[in-house]
Amino acid sequence: MFYSVLRGLVRFFVLLINGNTHYEGKENLPDGPYVLVGPHRTWWDPVFFALAGAPRKFGFMAKEELFNNWFIRWILVHMHAFPVDRANPGPSVIKAPVRMIKNDDLGIIVFPSGSRYSNDLKGGATLIAKLAKVPIVPAVYQGPLKFSQLFLRRRITVRFGEPIAVPTGKLDDAAMAQIGEQMQHAFDAIDKQIDPNFKYIPNEEKYLAEKNQGKVK
């Protein structure tokens, strides 16, 4: 109930401040739970992924330190978040989301890109999907990277790609790497489908300054 109410409030807030959101490719979403993967570009892209994937509810990983505050911990738990020690991730990184999928019928959001642990996270997303016997769904967020830009009513697009099936049986390193490459290819393809000229620039102001100085092309 808390998740549904909060998602409804967030949806209204987004409509109020932006009103230019577009969710595409929803026909690619499976009827059952799945592992949703995407490149991590802003702190709010998981919010838009959760909005785009409604009515399904999602669980997600959050850094362990956030759970030290009792109030934040209460919110995170009721939003189906589970703690992760990023320095020393343990078995719970896999067991907790698998349990959420099997017992609670939740989707799981994982961001295997935009991190120095990208390859490990891609492998983690694959292992979660394999153990839970669900597909992987690639998705991409394109839109403002600064919170202030949300108020300018710039277009926001979340697009889902076709599901990636995880083979049953043992997965060796080569098979895991192949699925990781499929994820990355899917991200690139979805970006081009939304906007053929799209280029992700984490720090746009710095990029433009350096471009004006001739440091980048």
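Fair warning: this is a prediction, and the values are worked out from it, not measured in the lab.
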Can you hop from F13 to V158 via hydrophobic side chains spaced under 4.5 Å?
yes
For a ring pair (Phe, Tyr, Trp, His ring centres under 6.0 Å) check, start with the C-alpha distance between H78 and Y3, then their side-chain angles and the critical distance, and finish with the verdict.
CA-CA 7 Å; H78 284 80; Y3 184 103; over 10 Å; no
So, F111 versus F49, ring centres under 6.0 angstrom or not?
yes
Non-hydrogen side-chain atoms of R154 and N20 separated by less than 4.5 Å
no
Shortest non-hydrogen pair, P167 vs A165, comes out as CD-O, 3.7 Å
Using only heavy-atom distances, determine whether the side chains of H40 and D45 contain a donor-acceptor pair under 3.5 Å.
yes
Any side-chain to backbone donor/acceptor pair from R41 onto P144? Under 3.5 Å, distance only.
no
Of all residues at least two apart in sequence or in a different chain, which pass the salt bridge (charged side-chain N to carboxylate O under 4.0 Å, His left out) check with D195?
none
According to a 4.5 Å side-chain heavy-atom criterion applied to Ile, Leu, Val, Met, Phe, Trp and Tyr, with indirect links allowed, do I72 and W44 form part of one hydrophobic cluster?
yes
Holding to side-chain hydrogen bond (donor to acceptor under 3.5 Å, both in side chains), I want the full list of residues that pass it with K130, two or more places apart in sequence or in another chain.
none
Residues at least two apart in sequence or cross-chain that pass side-chain contact (heavy atoms from CB on, under 4.5 Å) with K95, listed by chain then number, are P91, R99
Under the criterion salt bridge (charged side-chain N to carboxylate O under 4.0 Å, His left out), I'd like the reasoning laid out for R56 against D105: C-alpha separation, chi angles, the key distance, then a yes or no.
CA-CA 9 Å; R56 180 158 302 282; D105 201 38; 3.7 Å; yes
For N18 and V14, indicate whether the former's side chain and the latter's backbone hold a donor-acceptor pair under 3.5 Å.
no
Measuring only between side-chain heavy atoms, which start at C-beta, is Q142 closer than 4.5 Å to F198?
yes
Look up atom CD1 in I164 and atom OG1 in T126, then write down how far apart they are to the nearest 0.5 Å.
8.0 Å
Looking only at heavy atoms, which two atoms of V93 and F82 are closest? And how far apart?
O-CE1, 4.1 Å
dist F151:CZ -> L16:CG (nearest 0.5 Å) comes out at 8.5 Å
I'd like to know if I156 and L152 are part of one continuous hydrophobic network [Ile/Leu/Val/Met/Phe/Trp/Tyr, side-chain heavy atoms within less than 4.5 Å].
no
Going hydrophobic residue to hydrophobic residue with side-chain gaps under 4.5 angstrom, can you get from F12 over to F2?
no
Using the side-chain hydrogen bond (donor to acceptor under 3.5 Å, both in side chains) criterion, which residues pair with D188? Sequence neighbours excluded.
Q184
With sequence neighbours left out, write down each residue that passes side-chain hydrogen bond (donor to acceptor under 3.5 Å, both in side chains) with Q182, or none if nothing qualifies.
none
Pairs satisfying salt bridge (charged side-chain N to carboxylate O under 4.0 Å, His left out), at least one member in residues 15-26, at least two apart:
E24-R155, E24-R159
May I ask you to list the residues sharing a hydrophobic cluster with L15, side-chain cutoff 4.5 Å, ordered by chain and number?
none
Tell me whether L106 shares a hydrophobic cluster with V5, the cluster being built from Ile, Leu, Val, Met, Phe, Trp, Tyr side chains joined at under 4.5 Å.
no
If I take atom CE from residue M1 and atom CG from residue L6, how far apart are they, to the nearest 0.5 angstrom?
13.0 Å
Is P112 close to F187 at the side-chain level, that is, under 4.5 Å between some pair of heavy atoms?
yes
Heavy-atom pair with the smallest gap, counting every atom of G107 and P33
N-CB, 4.4 Å
Would you sort out whether R7 and K57 count as a side chain to side chain contact (heavy atoms under 4.5 Å, CB included), showing the intermediate values?
CA-CA 9 Å; R7 182 163 59 183; K57 298 177 181 179; 4.1 Å; yes
Working to the nearest 0.5 Å, report the span between CD1 of I128 and CE of M100.
10.5 Å
Between F160 and G25, what is the shortest heavy-atom contact and its length?
CB-O, 3.5 Å
Across all chains, not counting sequence neighbours, the side-chain contact (heavy atoms from CB on, under 4.5 Å) partners of A129 are V35, V134, I136, V166
With sequence neighbours excluded, residues passing salt bridge (charged side-chain N to carboxylate O under 4.0 Å, His left out) with R153:
none
Check the pair I108 / L36 against side chain to side chain contact (heavy atoms under 4.5 Å, CB included), numbers first and verdict last.
CA-CA 6 Å; I108 297 295; L36 179 61; over 6 Å; no
Which residues satisfy the side-chain hydrogen bond (donor to acceptor under 3.5 Å, both in side chains) test with N28, sequence neighbours excluded?
none
CG (L150) and CZ (F48) are apart, to the nearest 0.5 Å, by 5.5 Å
Which heavy atom in P30 sits nearest to a heavy atom in V137, and how many Å separate them?
CD-CG2, 3.7 Å
Look up atom OH in Y34 and atom CZ in F58, then write down how far apart they are to the nearest 0.5 Å.
3.5 Å
By side-chain contact (heavy atoms from CB on, under 4.5 Å), R73 pairs with (sequence neighbours left out) F67, W70, V77
Return the minimal non-hydrogen interatomic distance between M183 and V37, and the atom names on each side.
SD-CG2, 4.2 Å
Quick one: list whatever passes side-chain contact (heavy atoms from CB on, under 4.5 Å) with A175, sequence neighbours left out.
L171, D172
